[in-house]
Amino acid sequence: MTEPNHNPPSAAQPHAEVVRALIARHGAQAGALLPLLHAVQDALGHIPADAVALIAEGLNLSRAEVHGVITYYHHFRAEPAGRHVVQVCRAEACQARGAEALMEHAEQALGCAQHGTRADGAVTLEPVYCLGLCASSPAMLVDGTPHARVTADQFDRIATQLKVLT
Ligand code: FES
């Protein structure tokens with residue numbers, strides 16, 4: 001059972017300090033790499049390049065192994081995200097119900113290519129692969145909040161509320 005996290009590392013701490021604290025917390029558990037990477041991204045918003053070496057050393061892995069896991073999972077970011085994060089599902093059920101058109105609309109409406117962050121830092125647009133809302137596809141997450149059966153008009157309304165529509 002996981003112990004409650006009473007003292008989450010603060011993003012105001014230098015990256016290395018945060019990463020070392022998280023290695024100390026998670027490093028001893030079996031299969032520590034994935035939980036540690038999640039914890040680092042939760043704390044810092046991304047997994048900075050300098051964290052890879054610390055994590056590799058802390059878990060007695062090679063940098064290539066750590067880097068391989070980070071790049072394998074779409075969830076992990078090597079760069080900081082924008083102030084808002086829009087994640088459009090590109091998995092099968094959503095693809096069958098218009099996800100491709102929705103993603104194209106999102107790119108145009110936000111002025112931002114998928115996998116990218118707009119130059120002003122306002123928004124990051126990412127594909128994700130199944131949000132568990134397949135019966136209500138196409139689906140997306142906006143700052144962690146799920147939205148189902150998303151139409152272009154609904155997308156624009158949400159983007160307008162966030163002040164990220166171009
Ligand atoms: S395929 Fe998109 S929510 Fe499952």
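When a ligand or atom number is given, it counts from 1 through the structure's own listing order. No experiment lies behind these values; they were computed from the predicted model shown.
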Q41 side chain vs H75 backbone, donor-acceptor pair below 3.5 Å: yes

C130 near atom 4 (Fe) of ligand 1 via N/O/S, less than 2.8 Å: yes

Ligand 1 contact on C89 by region, counting heavy-atom pairs under 4.0 Å: side chain

Subset of ligand 1 atoms that lie under 4.0 Å from at least one heavy atom of A93: 1 (S)

Metal proximity, C134 vs atom 4 (Fe) of ligand 1, N/O/S cut-off 2.8 Å: yes

Atoms of ligand 1, numbered as shown, that sit under 4.0 Å from any heavy atom of L133: 3 (S)

R118 (side chain) donor-acceptor with L110 (main chain) under 3.5 angstrom: yes

Per-atom contacts, ligand 1 versus G132 - under 4.0 Å to a heavy atom: 3 (S)

Whether H46 and H15 hold their rings parallel, tilted or perpendicular, with breakpoints at 30° and 60°: perpendicular

Stepwise side-chain contact (heavy atoms from CB on, under 4.5 Å) test for E126 and V85: CA-CA 8 Å; E126 297 176 334; V85 178; 3.9 Å; yes

Nearest-0.5 Å distance, OG1 of residue T124 to CD of residue Q114: 13.0 Å

